[in-house]
K.L.:
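After the structure tokens below, expect a handful of questions from me.
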Amino acid sequence: MNIVIAGGGIGGLTTALCLHAAGFRAVRVVEAAPAIRPMGAGVNLLPNAVRELHALGLYDSLAEVSVPIERLGYLTHLGEEIWAEARGVPAGYDWPQLAVHRGALQMILAQAVRDRLGANAVTADARLCSFDGFEGPELRIGLSHRESALTTELRADVLVGCDGIHSAVRGLLYTQEGPPPSSGSVVWRGVSRCRPFLGGRAMVVMGDGDWKAVVYPLADRPDDDDTVPVNWAVSRESAASGDARTAKDPSGPTLGPVPDWRCGDLALADVLAGQERVREFPMIDRDPLPRWSFGRVTLLGDAAHAMAPMGSNATTQCVIDARTLAHTLAVEPDPVRALEAYDRQRRPAMNRLQVLNRAKGPEVVIDMAHGRAVAAPGRAGRPVPPADLAQVAASYARAAGSDRTSVNRPSPYTVRGDRGIRTSRRAVAG
């Protein structure tokens with residue numbers, strides 16, 4: 001089976017590796033950018049994604065460039081704890097939750113693709129511009145090339161659209177959809193260097209009902225200056241949105257009171273002060289779709305279900321998509337039926353997760369606490385009942401497939417030829 005993957009990001013590269021592990025060899029990734037380079041900021045891989053990356057033989061490489069997140073805390077802007085929970089191995093999972101720079105993860109995946117599928121498995125400067133024949137026996141895929149100003153054509157049995165929130169494949173399937181909608185909020189993101197905080201393996205989400213800050217480390221071994229790289233994101237609900245652009249002064253008036261927030265030995269002002277570059281984005285997502293798969297064409301990752309950045313799930317679900325797709329193609333010889341099975345298995349759960357994330361996912365506990373504070377100004381009482389907070393966290397984990405019971409089972413996506421799928425908790429504890 002000849003498979004073309006549009007998009008050389010985390011989704012496309014992971015899909016190529018999953019297909020290779022499932023026994024497919026005629027796999028090609030086409031990427032619109034002139035080269036695959038490390039970009040972006042931090043991402044979190046939840047234990048269910050780490051389990052699947054281990055199945056691909058990538059865990060050791062990933063562990064070298066990541067940090068286990070072992071505690072997650074939701075706090076008010078005054079540093080008051082709303083809800084906290086253990087994460088990963090300390091929470092009883094067989095796999096850790098790993099924080100990693102997106103670019104480092106992408107380079108690990110790209111190198112693995114070259115090693116396993118060959119140096120020519122990825123073609124850069126190849127933007128998908130058309131396809132047809134997806135209801136017939138063979139696809140014809142048109143590619144444009146910026147450097148040569150020419151177009152070329154590929155033939156394939158399957159096309160997988162892994163080309164992100166502005167997916168060309170999705171745009172050709174849903175021609176009337178238009179650009180992704182904005183929530184009206186803005187998020188500023190960056191990677192800074194500062195001293196380790198809260199034990200070095202903690203993720204913090206702070207908010208006041210309007211502003212929100214997310215902070216977590218990308219390493220737990222300080223350099224000679226006693227600092228580690230730290231990923232941070234600050235968002236404001238009511239800010240006017242626009243195109244992504246570089247913000248020169250992240251501690252200026254547009255961030256208002258956020259730099260004054262503190263939690264133990266974490267001071268947000270110190271984190272922001274150590275930044276080198278900040279990116280400002282409108283907070284956008286995609287509407288849930290009634291269908292991902294059309295004949296021999298399907299969607300994956302952000303192209304299928306771009307979601308609001310809540311709950312650390314975008315990259316994780318991209319990995320699970322890739323493993324599911326490879327598994328269905330391996331067990332169902334008819335590619336059309338295989339893509340239909342992939343759609344049935346993944347789309348309903350991802351549609352629900354998109355809706356939950358628009359409602360702030362597990363981070364809604366901040367609004368719950370803020371609402372009670374507004375209702376009783378000047379009083380420290382009336383906390384949200386712990387049982388209600390625990391229910392929010394547990395319900396969201398089940399919806400995302402990242403609850404402990406589900407994750408500690410063997411991978412359901414393994415086919416003959418996969419690397420080992422389990423290891424002891426001791427082996428992954430770091």
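Note: hydrogens, waters and symmetry copies are ignored here, and every other heavy atom, side chains too, is used.
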K.L.:
Is the number of heavy atoms from other residues, nucleotides or ligands within 6.0 Å of CZ (R358) greater than 12?
P.N.:
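Yes.
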K.L.:
How about D225: does its CG atom have over 12 heavy atoms from other parts shown lying under 6.0 Å from it?
P.N.:
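Count over threshold, so yes.
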K.L.:
Do Y74 and V392 pass the side-chain contact (heavy atoms from CB on, under 4.5 Å) test, and can you show the C-alpha distance, the side-chain angles, and the key distance before you say yes or no?
P.N.:
CA-CA 12 Å; Y74 295 102; V392 169; over 6 Å; no
K.L.:
Any salt bridge between E85 and R71, counting N to O under 4.0 Å?
P.N.:
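Salt bridge: no.
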K.L.:
Looking at side-chain heavy atoms only, is the closest gap between T76 and D208 below 4.5 Å?
P.N.:
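Not in contact.
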K.L.:
Side chain of D343, backbone of S293: donor and acceptor closer than 3.5 Å?
P.N.:
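Confirmed, D343 side chain pairs with S293 backbone.
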K.L.:
I want to check something: taking the side chain as every heavy atom from C-beta on, are L45 and L105 in contact at a cut-off of under 4.5 Å?
P.N.:
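Contact flag for L45/L105 side chains = yes.
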K.L.:
Are Y216 and W232 close enough that their ring centers fall under 6.0 Å?
P.N.:
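Aromatic pair excluded; centres sit 6.0 Å or further apart.
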K.L.:
Got a sec, which residues hit side chain to side chain donor-acceptor pair (under 3.5 Å) with Q317, two or more places apart in sequence or on another chain?
P.N.:
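Q317 satisfies side chain to side chain donor-acceptor pair (under 3.5 Å) with N313, R346 once adjacent residues are dropped.
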K.L.:
Could you tell me if the side chain of S185 sits less than 4.5 Å from the side chain of P282, heavy atoms only?
P.N.:
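No - every pair of side-chain heavy atoms lies 4.5 Å or more apart.
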K.L.:
Show your reasoning for whether side-chain contact (heavy atoms from CB on, under 4.5 Å) applies to N231 and V43.
P.N.:
CA-CA 8 Å; N231 182 87; V43 296; over 6 Å; no
K.L.:
Answer with yes or no after comparing the ring centroid distance for W211 and H77 against a 6.0 Å cut-off, counting only values under it.
P.N.:
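Aromatic pair excluded; centres sit 6.0 Å or further apart.
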K.L.:
Taking the side chain as every heavy atom from C-beta outward, state whether M283 and S182 have any pair of such atoms under 4.5 Å apart.
P.N.:
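They are not in contact (no side-chain heavy atoms under 4.5 Å apart), so the answer is no.
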K.L.:
In terms of side-chain geometry, is the basic nitrogen of D265 or R195 positioned less than 4.0 Å from the acidic oxygen of its partner?
P.N.:
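No, D265 and R195 are not salt-bridged.
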K.L.:
Evaluate the ring planes of Y174 and F294, with Trp represented by its six-membered ring, and classify them as parallel (under 30°), tilted (30 to 60°) or perpendicular (over 60°).
P.N.:
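Y174 and F294: perpendicular rings.
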K.L.:
For D94, is there an ion pair with R51 - N to carboxylate O distance below 4.0 angstrom?
P.N.:
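Here R51 does not pair with D94 in a salt bridge, since their nearest N and O are not under 4.0 Å apart.
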K.L.:
Do the charged groups of E70 and R87 touch, with an N to O distance under 4.0 Å?
P.N.:
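R87 and E70: not salt-bridged.
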K.L.:
Does R189 use its side chain to pair, donor to acceptor, with the backbone of A41 at less than 3.5 Å?
P.N.:
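Looks like no, no N/O pair under 3.5 Å.
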K.L.:
Which residue is it: D321, D287, N351? I am looking for the one with a side-chain hydrogen bond (donor to acceptor under 3.5 Å, both in side chains) to H305.
P.N.:
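By the side-chain hydrogen bond (donor to acceptor under 3.5 Å, both in side chains) criterion, H305 pairs with just one of D321, D287, N351: D321.
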K.L.:
Is there a side-chain contact (heavy atoms from CB on, under 4.5 Å) between V364 and Y396 once you walk through the steps?
P.N.:
CA-CA 11 Å; V364 73; Y396 185 81; over 6 Å; no
K.L.:
Is D125 salt-bridged to R146, going by a charged N under 4.0 Å from an acidic O?
P.N.:
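So D125 does not pair with R146 through a salt bridge.
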K.L.:
H20 versus V27: any side-chain heavy-atom pair under 4.5 Å?
P.N.:
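A side-chain contact is absent here, since even the closest heavy-atom pair is not under 4.5 Å.
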K.L.:
In Å, rounded to the nearest 0.5 Å, how long is the span from NE2 of H101 to OG of S66?
P.N.:
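Rounded to the nearest 0.5 Å, the NE2-OG separation comes out at 13.5 Å.
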K.L.:
Is the shortest distance from a Lys or Arg side-chain nitrogen in R262 or E80 to a carboxylate oxygen in the other one below 4.0 Å?
P.N.:
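Answer for the salt bridge query: no.
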K.L.:
Answer whether the closest heavy-atom distance between the side chains of R201 and I69 falls below 4.5 Å.
P.N.:
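Result no, sub-4.5 Å side-chain heavy-atom pair not found.
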